[in-house]
Engineer: 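Below you'll find the structure I mean.
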Amino acid sequence: MYTQAMDTAPKDATPAVRSADEAALQTRFDARIDAGEFIEAKDWMPAHYRKTLIRQISQHAHSEIVGMLPEGNWITRAPTLKRKAILLAKVQDEGGHGLYLYAAAETLGVSRDELLEALHSGQAKYSSIFNYPTLTWADVGTIGWLVDGAAIMNQVPICRCSYAPYARAMIRICREESFHQRQGFDALLTMMQQGTDAQRAMVQDAVNRWWWPCLMMFGPPDDQSPNSAQGMRWGIKRISNDELRQKFVDATVEQARVLGVSLPDPALQWNAARGHWDFGAIDWSEFWQVVGGEGPCNRERLSARVNAWQAGAWVREAAMAHAQKHTIQQEAA
Ligand code: FAQ
């Protein structure tokens with residue numbers, strides 16, 4: 001289904017265009033964006049649009065792959081066989097999301113090796129949220145409920161992103177994220193309704209630790225978000241960081257009530273005039289510290305990825321050797 005990587009644009013497509021033609025192509029591109037049309041890999045696109053998409057899609061892919069680590073840490077310690085099977089499926093799904101997204105980025109003329117090198121060298125960003133530790137089993141449920149919940153809120157609008165290979169990849173990803181969110185909520189509900197006092201306290205502690213980092217996932221406030229205006233203009237971003245954050249808070253307050261947990265924000269209050277929940281100030285210095293590589297688990301996460309890449313070298317070599325052998329056999333036949 002996800003064969004976009006086979007459908008790549010020639011690397012020199014944009015530079016080969018003469019400048020008079022380029023102005024016409026730009027006008028046509030802008031008109032297509034204004035008309036809400038999808039842009040395909042082989043269509044002409046401005047270099048900055050291409051670069052922005054490579055940045056966002058690759059950061060998104062890296063987030064999915066690094067995002068396997070905090071929960072992967074609990075696969076061997078899941079409390080029941082059922083929870084273990086669910087968690088295995090979820091973590092495997094995140095790996096699949098990374099692959100669809102790397103394939104979508106490759107359609108823009110960048111190689112997967114280049115993208116991974118940027119991650120491993122620390123040049124590329126990935127979501128701040130995955131630099132926090134998973135201390136107890138309740139963290140796994142809380143990641144499903146809150147982190148996947150935030151991810152869905154941010155990702156559903158990307159199903160309508162103007163770049164078609166990215167939009168197509170997001171449709172399946174969102175369906176799977178929806179299962180992830182439900183399984184997390186279900187795990188927490190089980191602990192809250194059938195668990196011991198100690199288990200309920202464990203859930204509350206996990207929610208207290210993940211709440212604020214989840215609000216940060218949506219990115220800096222709109223007036224401090226350098227990429228937003230252009231991203232919205234191009235239809236890459238459909239809803240702003242602050243609007244999505246508000247939608248997430250509004251949806252989550254009621255879910256917290258059903259679960260029986262409190263959200264760690266004394267300023268959280270229904271604002272009838274706005275028709276939204278007001279919430280307290282976010283500590284943006286913590287966000288920028290984590291994004292800058294100084295979060296609680298940044299070093300651990302990056303070294304886990306680099307080690308996995310190095311330890312997997314023999315698998316890549318074996319796959320290449322097998323492919324070469326297969327080609328030779330086919331040519332000889
Ligand atoms: N962490 O100008 P903006 C998941 C950076 S997947 C780190 O607002 P933009 C699934 C931003 O890159 C989660 N950096 O940027 C899962 C930019 O820096 P740059 C990932 C962040 O692009 C669940 C600078 O700050 N989702 O959770 C963050 O317009 C459970 C200024 O920001 C996606 O990637 C952050 N949180 O908006 C997996 C969705 N926020 O690049 C496992 C696609 C901002 O200029 C387990 N991405 N920055 O150097 C997007 O929607 C957008 O890229 C935003 C940022 C909204 C993340």
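Read the numbers this way: they start at 1 and go in the same order the structure lists the ligands and their atoms. One-based numbering along the sequence shown.
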Engineer: Within ligand 1, which atoms have a heavy atom of Pro226 less than 4.0 Å away?
Structural biologist: 2 (O), 31 (C)

Engineer: With atoms numbered from 1 as shown, which atoms in ligand 1 lie under 4.0 angstrom from a non-hydrogen atom of Val147?
Structural biologist: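 Contacts of ligand 1 toward Val147, numbered from 1: 23 (C), 30 (C).
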
Engineer: Heavy-atom pairs closer than 4.0 Å: do any link ligand 1 to the side chain of Phe218, the backbone, both, or neither?
Structural biologist: backbone

Engineer: Taking atom CD of Glu71 and atom NZ of Lys90, what is their separation to the nearest 0.5 Å?
Structural biologist: 3.5 Å

Engineer: Could you walk me through whether Glu117 and Arg112 satisfy the salt bridge (charged side-chain N to carboxylate O under 4.0 Å, His left out) test, starting with their C-alpha distance in whole Å, then the side-chain angles of each, then the deciding distance to 0.1 Å, before giving a yes or no?
Structural biologist: CA-CA 8 Å; Glu117 170 54 26; Arg112 195 170 303 194; over 6 Å; no

Engineer: Distance to 0.1 Å, residue and atom name: give those for the protein heavy atom nearest to atom 12 (O) of ligand 1.
Structural biologist: Gln59 OE1, 3.0 Å

Engineer: Take Asp278 and Asn271 through the test side-chain hydrogen bond (donor to acceptor under 3.5 Å, both in side chains) and record every step on the way to the result.
Structural biologist: CA-CA 6 Å; Asp278 287 338; Asn271 183 328; 3.0 Å; yes

Engineer: List every atom of ligand 1 that sits less than 4.0 Å from any heavy atom of Ser128, numbering the atoms from 1 in the order shown and giving each element.
Structural biologist: 1 (N), 7 (C), 35 (C), 36 (N)

Engineer: Is the closest heavy-atom distance from His180 to ligand 1 below 4.0 Å?
Structural biologist: no

Engineer: Please classify the Arg55 to ligand 1 contact at 4.0 Å (heavy-atom distances, strictly less than): side chain, backbone, both or neither.
Structural biologist: side chain

Engineer: List the steps and the verdict of salt bridge (charged side-chain N to carboxylate O under 4.0 Å, His left out) for Arg168 and Glu40.
Structural biologist: CA-CA 11 Å; Arg168 281 195 289 268; Glu40 291 289 349; 3.1 Å; yes

Engineer: Assess the residue pair Tyr126 and Asn131 against the criterion (side-chain hydrogen bond (donor to acceptor under 3.5 Å, both in side chains)); give the C-alpha distance rounded to whole Å, side-chain angles, the decisive distance to 0.1 Å, and a yes or no.
Structural biologist: CA-CA 9 Å; Tyr126 58 86; Asn131 293 305; 2.6 Å; yes

Engineer: Would you mind running through ligand 1 and noting each atom that sits below 4.0 Å from a heavy atom of Gly67?
Structural biologist: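 That gives atoms 42 (C), 46 (C) of ligand 1.
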
Engineer: May I ask you to check if ligand 1 and Asn241 share an N or O to N or O distance below 3.5 Å?
Structural biologist: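 Checking ligand 1 against Asn241, an N or O pair does fall under 3.5 Å apart.
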
Engineer: Decide yes or no on side chain to side chain contact (heavy atoms under 4.5 Å, CB included) for Trp210 and Thr134, but give the supporting numbers first.
Structural biologist: CA-CA 10 Å; Trp210 287 93; Thr134 38; 4.1 Å; yes

Engineer: Among protein heavy atoms, which lies nearest atom 51 (O) of ligand 1, and at what distance?
Structural biologist: Asn154 ND2, 3.0 Å

Engineer: Do Glu64 and ligand 1 have an N or O pair less than 3.5 Å apart?
Structural biologist: no

Engineer: Would you mind running through ligand 1 and noting each atom that sits below 4.0 Å from a heavy atom of Pro220?
Structural biologist: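 By the 4.0 Å cutoff, the relevant atoms are 8 (O), 31 (C), 32 (O), 44 (C).
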
Engineer: Name the closest protein heavy atom to atom 6 (S) of ligand 1, giving the residue it belongs to and the distance to 0.1 Å.
Structural biologist: Gln155 OE1, 3.6 Å

Engineer: Under 4.0 Å from ligand 1, counting heavy atoms only, is it the side chain of Met216, its backbone, both or neither?
Structural biologist: backbone

Engineer: Just wondering, are more than 12 heavy atoms of other shown residues or ligands nearer than 6.0 Å to CD in Gln92?
Structural biologist: no

Engineer: Quick one: which ligand 1 atoms are inside 4.0 Å of a heavy atom on Glu177?
Structural biologist: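 So the atoms of ligand 1 that pass are 10 (C).
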
Engineer: Could you list the atoms of ligand 1 found under 4.0 angstrom from a heavy atom of Trp288?
Structural biologist: 25 (O)

Engineer: Using side-chain hydrogen bond (donor to acceptor under 3.5 Å, both in side chains), reason through His180 and Glu94 one step at a time and then give a plain yes or no.
Structural biologist: CA-CA 10 Å; His180 298 170; Glu94 310 296 3; 3.1 Å; yes

Engineer: To the nearest 0.5 angstrom, please state how far the OH atom of Tyr163 sits from the CZ atom of Phe38.
Structural biologist: 12.5 Å

Engineer: Got a salt bridge between Asp250 and Arg274, using NZ or NE/NH1/NH2 to carboxylate O under 4.0 Å?
Structural biologist: no

Engineer: If you count the atoms of ligand 1 from 1 in the order shown, which ones are under 4.0 Å from a heavy atom of Tyr126?
Structural biologist: 1 (N), 7 (C)

Engineer: If you have a sec, work out which protein heavy atom is nearest atom 26 (N) of ligand 1 and how many Å separate them, to one decimal?
Structural biologist: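 Going atom by atom, the protein heavy atom closest to atom 26 (N) of ligand 1 ends up being His60 CD2, 3.8 Å.
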
Engineer: Measure the distance from atom 40 (N) of ligand 1 to every protein heavy atom, then report the residue, atom name and distance (to 0.1 Å) of the closest one.
Structural biologist: Gly219 CA, 3.2 Å

Engineer: Tell me, yes or no, whether the heavy-atom count around Arg28 atom CZ, taken from other residues, nucleotides or ligands under 6.0 Å, exceeds 12.
Structural biologist: no

Engineer: Nearest protein heavy atom to atom 50 (C) of ligand 1, by residue and atom, and its distance?
Structural biologist: Gln56 NE2, 3.6 Å

Engineer: Looking at ligand 1, does any of its N/O atoms fall within less than 3.5 Å of an N/O of Lys90?
Structural biologist: no

Engineer: Measure the distance from atom 55 (C) of ligand 1 to every protein heavy atom, then report the residue, atom name and distance (to 0.1 Å) of the closest one.
Structural biologist: Lys237 NZ, 4.3 Å

Engineer: Return the option from Asp148, Asn227, Asp93 holding the heavy atom at the smallest distance from atom 17 (C) of ligand 1.
Structural biologist: Asn227

Engineer: Looking at Asp186 and Arg83, does any basic side-chain N land under 4.0 Å from a carboxylate oxygen?
Structural biologist: yes

Engineer: Please say whether Glu94 places an N or O atom under 3.5 Å from an N or O atom belonging to ligand 1.
Structural biologist: no

Engineer: Specify the protein heavy atom at minimum distance from atom 49 (O) of ligand 1: its residue, its atom name, and the distance to 0.1 Å.
Structural biologist: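 So the nearest neighbour among protein heavy atoms is Lys125 NZ, 2.5 Å.
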
Engineer: Less than 3.5 Å between some nitrogen or oxygen of Ala151 and one of ligand 1, yes or no?
Structural biologist: no

Engineer: Can a salt bridge be assigned to the pair Glu243 and Lys247 using a cut-off of 4.0 Å between side-chain N and carboxylate O?
Structural biologist: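 No, this pair does not count.
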
Engineer: If you measure from the Lys or Arg side-chain nitrogens to the Asp or Glu carboxylate oxygens, is any gap between Arg182 and Asp148 under 4.0 Å?
Structural biologist: no

Engineer: Check each of Arg238, Gln56, Lys237 against Ile158 using the side-chain contact (heavy atoms from CB on, under 4.5 Å) test, and report the only one that passes.
Structural biologist: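 Between Ile158 and the candidates, side-chain contact (heavy atoms from CB on, under 4.5 Å) is satisfied uniquely by Gln56.
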
Engineer: So for Leu244, does at least one of its heavy atoms come nearer than 4.0 angstrom to any atom of ligand 1?
Structural biologist: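 The answer is no: ligand 1 sits nowhere under 4.0 Å from a heavy atom of Leu244.
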
Engineer: Check the surroundings of atom CD in Gln269: do more than 12 heavy atoms from other residues, nucleotides or ligands lie under 6.0 Å from it?
Structural biologist: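 Counting other residues, nucleotides and ligands, CD of Gln269 stays at 12 neighbours or fewer.
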
